[in-house]
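In what follows, a single structure is set out as structure tokens and then discussed.
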Amino acid sequence: MHYRTLGNSGAVVSTFALGTMTFGAEADEATSHAIIDDYLESGGNLIDTADVYSRGVSEKIIGSWLVAHPTDSEQVVIATKARFTMGDGRNDLGTSRRHLGRALDASLRRLGVEQIDLYQMHAWDAVTPLQETLRFLDDAVRSGKIAYYGFSNFLGWQLTKAVHVARANGFTPPVTLQPQYSLLVREIESEIVPACQDANIGLLPWSPLAGGWLTGKYQRDADPTGATRLGEDPKRGMEAWAPRNKQERTWRILDTVKEIAKAKGVNPGQVSLAWLEAQPAVTSVILGVRNTDQLVDNLGATSVEFTADELKRLDEVSAPVVSDYPYGAAGADQRHRAIDVSD
């Protein structure tokens, strides 16, 4: 396992985090505890959850594990989120001081801890003034309820605005951003990654295997079946089968990943995860698993090392499709200039 600082903080975390959206949904408590055990044994130390995962059950499962492992729990970095609906009232969602105050206390109770290491806003809230949210987070840091805070699913301008509003008001700055990112989904490189690099904010990518696509389990034009996410639900959100199956880019990426995996004696998922771990600004890649076998398989990515040519092949075949301006070659060339260092 490799380690990096948690964004611009001084906390050290493993470059592969354990995502727990499956806890309480696709993995029962015993299975979830076994996953945590194996993850820590492998050297991992960052566990990511959210209040909305199974309506608080994921946090409760993690909390029961922490109680049963008092020594190991001291070494774990716990991250959770708030923003989405947790009740039927008009104020049971969002990033207002009112909602976040109740949401944070509820997460602390479910997890059974006095402080949450990383508290993340699960998405942008267009209703609540940003200064109100950031003031609450600064107060939570100063009171000791949270150690650090970050965001999830923010756009580049939203992240940059938050950084500068915090700076202008003397608030504690954010340390991380959690976006969707993978070989199949690289659009964040146009604005979001540069915004993170500019503010020294660490990326915590979710869906690094694109809902199972990058494991190589699916075949071109063959409808998925069996106990897989798309086999159970082929219309599953952004990962849906039909739209990606129609894109030639999808299969070019998968063919290249499989070729490199075969040459290295590993599997396609491990190649895909290792590529993401190597990307600029990435702090820790979030792994979402249903069982311990999937966890062990994913963590095989820690041993994958690429040649310069292999990285180039992966970068080129997965390059995001953008218009020539402002994110294509013409726009990129306009934003940069060479310095003549000759005499």
Side-chain angles (χ1 to χ4, degrees), residues 15-17 19 21-22 48 152-156 177-194 196 203-226 228-264 266-290 294 297-298 300-301 304 306 310-323 327-328:
T15 55
F16 287 98
M21 189 168 67
T22 60
D48 179 76
S152 181
N153 304 309
F154 272 36
L155 300 176
L177 174 70
Q178 192 172 141
Q180 181 179 196
Y181 195 16
S182 70
L183 276 166
L184 282 178
V185 183
R186 291 181 57 188
E187 289 81 1
I188 70 167
E189 293 174 8
S190 292
E191 291 278 0
I192 297 172
V193 172
C196 286
L203 289 169
L204 304 175
W206 59 266
S207 195
L209 294 175
W213 279 90
L214 290 166
T215 64
K217 68 178 67 174
Y218 304 126
Q219 302 299 316
R220 187 192 297 255
D221 299 326
D223 291 347
T225 59
T228 64
R229 290 183 177 179
L230 290 184
E232 295 169 351
D233 182 9
K235 296 182 179 180
R236 182 187 174 96
M238 292 173 284
E239 303 156 356
W241 166 256
R244 281 186 176 164
N245 179 48
K246 293 177 181 178
Q247 297 176 22
E248 185 61 30
R249 174 178 176 270
T250 297
W251 299 105
R252 287 199 303 269
I253 293 170
L254 289 173
D255 288 344
T256 302
V257 169
K258 289 177 182 178
E259 290 169 6
I260 291 175
K262 183 177 180 180
K264 302 183 85 63
V266 297
N267 66 47
Q270 291 165 348
V271 166
S272 302
L273 291 170
W275 175 86
L276 191 52
E277 182 194 18
Q279 297 313 296
V282 169
T283 286
S284 190
V285 177
I286 298 175
L287 306 176
V289 299
R290 299 182 178 190
Q294 288 182 347
D297 183 74
N298 285 351
V304 176
F306 295 112
E310 288 168 339
L311 276 176
K312 182 180 179 182
R313 288 177 62 195
L314 290 169
D315 288 344
E316 290 180 348
V317 75
S318 66
V321 179
V322 296
S323 59
Y327 300 127

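Excluded from the calculations below are hydrogen atoms, water molecules and symmetry mates; all remaining heavy atoms, backbone and side chain alike, are included. For this chain, numbers begin at 1 and follow the sequence in order. Remember, it's a predicted structure, so these values are computed and weren't measured experimentally.
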Derivation of the side-chain contact (heavy atoms from CB on, under 4.5 Å) call for Ile253 and Leu214: CA-CA 9 Å; Ile253 293 170; Leu214 290 166; 4.2 Å; yes

Run the side-chain contact (heavy atoms from CB on, under 4.5 Å) test on Val289 and Thr22 for me, step by step, so that the C-alpha distance in whole Å, both residues' side-chain angles and the decisive distance to 0.1 Å come before the verdict. CA-CA 7 Å; Val289 299; Thr22 60; 5.5 Å; no

Stepwise side-chain contact (heavy atoms from CB on, under 4.5 Å) check, Asn267 with Asp297: CA-CA 9 Å; Asn267 66 47; Asp297 183 74; 2.6 Å; yes

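For the atom pair Asn298 CG and Phe16 CZ, the distance stands at 8.5 Å (nearest 0.5 Å). Between Trp275 atom CH2 and Leu311 atom CG the span is 9.5 Å, to the nearest 0.5 Å. Annotation: the span from Asn153 atom CG to Ile192 atom CD1 amounts to 9.0 Å, rounded to 0.5 Å.
Within the 4.5 Å cutoff, the side chain of Arg220 has heavy atoms near those of the Asp255 side chain. Leu177 places none of its side-chain heavy atoms less than 4.5 Å from the side chain of Leu204. Pro268 has its side chain out of reach of Thr215: every pair of non-hydrogen atoms, C-beta onward, lies at least 4.5 Å apart. The closest side-chain heavy-atom distance from Ser182 to Leu209 is not below 4.5 Å. With a 4.5 Å cut-off on side-chain heavy atoms, Thr250 and Leu184 count as touching. By the 4.5 Å heavy-atom criterion applied to side chains, Pro205 and Val282 are counted as neighbours. Inter-residue side-chain proximity for Leu183 and Val317 is flagged as unmet; no heavy-atom pair is nearer than 4.5 Å. Under the 4.5 Å side-chain criterion, counting only non-hydrogen atoms from C-beta, Arg313 is in contact with Ile260.
Using a 3.5 Å distance cut-off with no hydrogens or angles, the side chains of Trp206 and Asp48 do not pair a donor with an acceptor. For the residue pair Glu187 and Tyr327, no side-chain donor N or O sits within less than 3.5 Å of a side-chain acceptor on the partner.
Between the Gln270 side chain and the Val266 main chain, no donor and acceptor come within less than 3.5 Å of each other. Put simply, the side chain of Arg252 never gets that close to the backbone of Gln247: no donor and acceptor are under 3.5 Å apart.
Between Ser207 and Gly211, the closest heavy-atom pair is OG-N, 3.4 Å. Nearest heavy-atom pair, Ala17 versus Ser284, reported as atom, atom and distance to 0.1 Å: N-OG, 3.1 Å. Residues Glu189 and Pro194 come closest through the heavy atom pair O-CD, 3.4 Å. The shortest non-hydrogen separation linking Leu203 to Pro280 is CD1-O, 4.0 Å. Between Pro208 and Leu276, the shortest heavy-atom contact is CB-CD2, 3.4 Å. Contact between Ile188 and Gln180 at its shortest, heavy atoms only, is CG2-O, 3.7 Å.
Trp213 and Tyr218 have their aromatic ring centers within a separation under 6.0 angstrom.
Ion pair Glu259/Lys262 not flagged as a salt bridge, since none of the NZ, NE, NH1 or NH2 atoms sits closer than 4.0 Å to an Asp/Glu carboxylate oxygen.
Within a 6.0 Å radius of NZ in Lys312, no more than 12 heavy atoms belonging to other residues, nucleotides or ligands are found.
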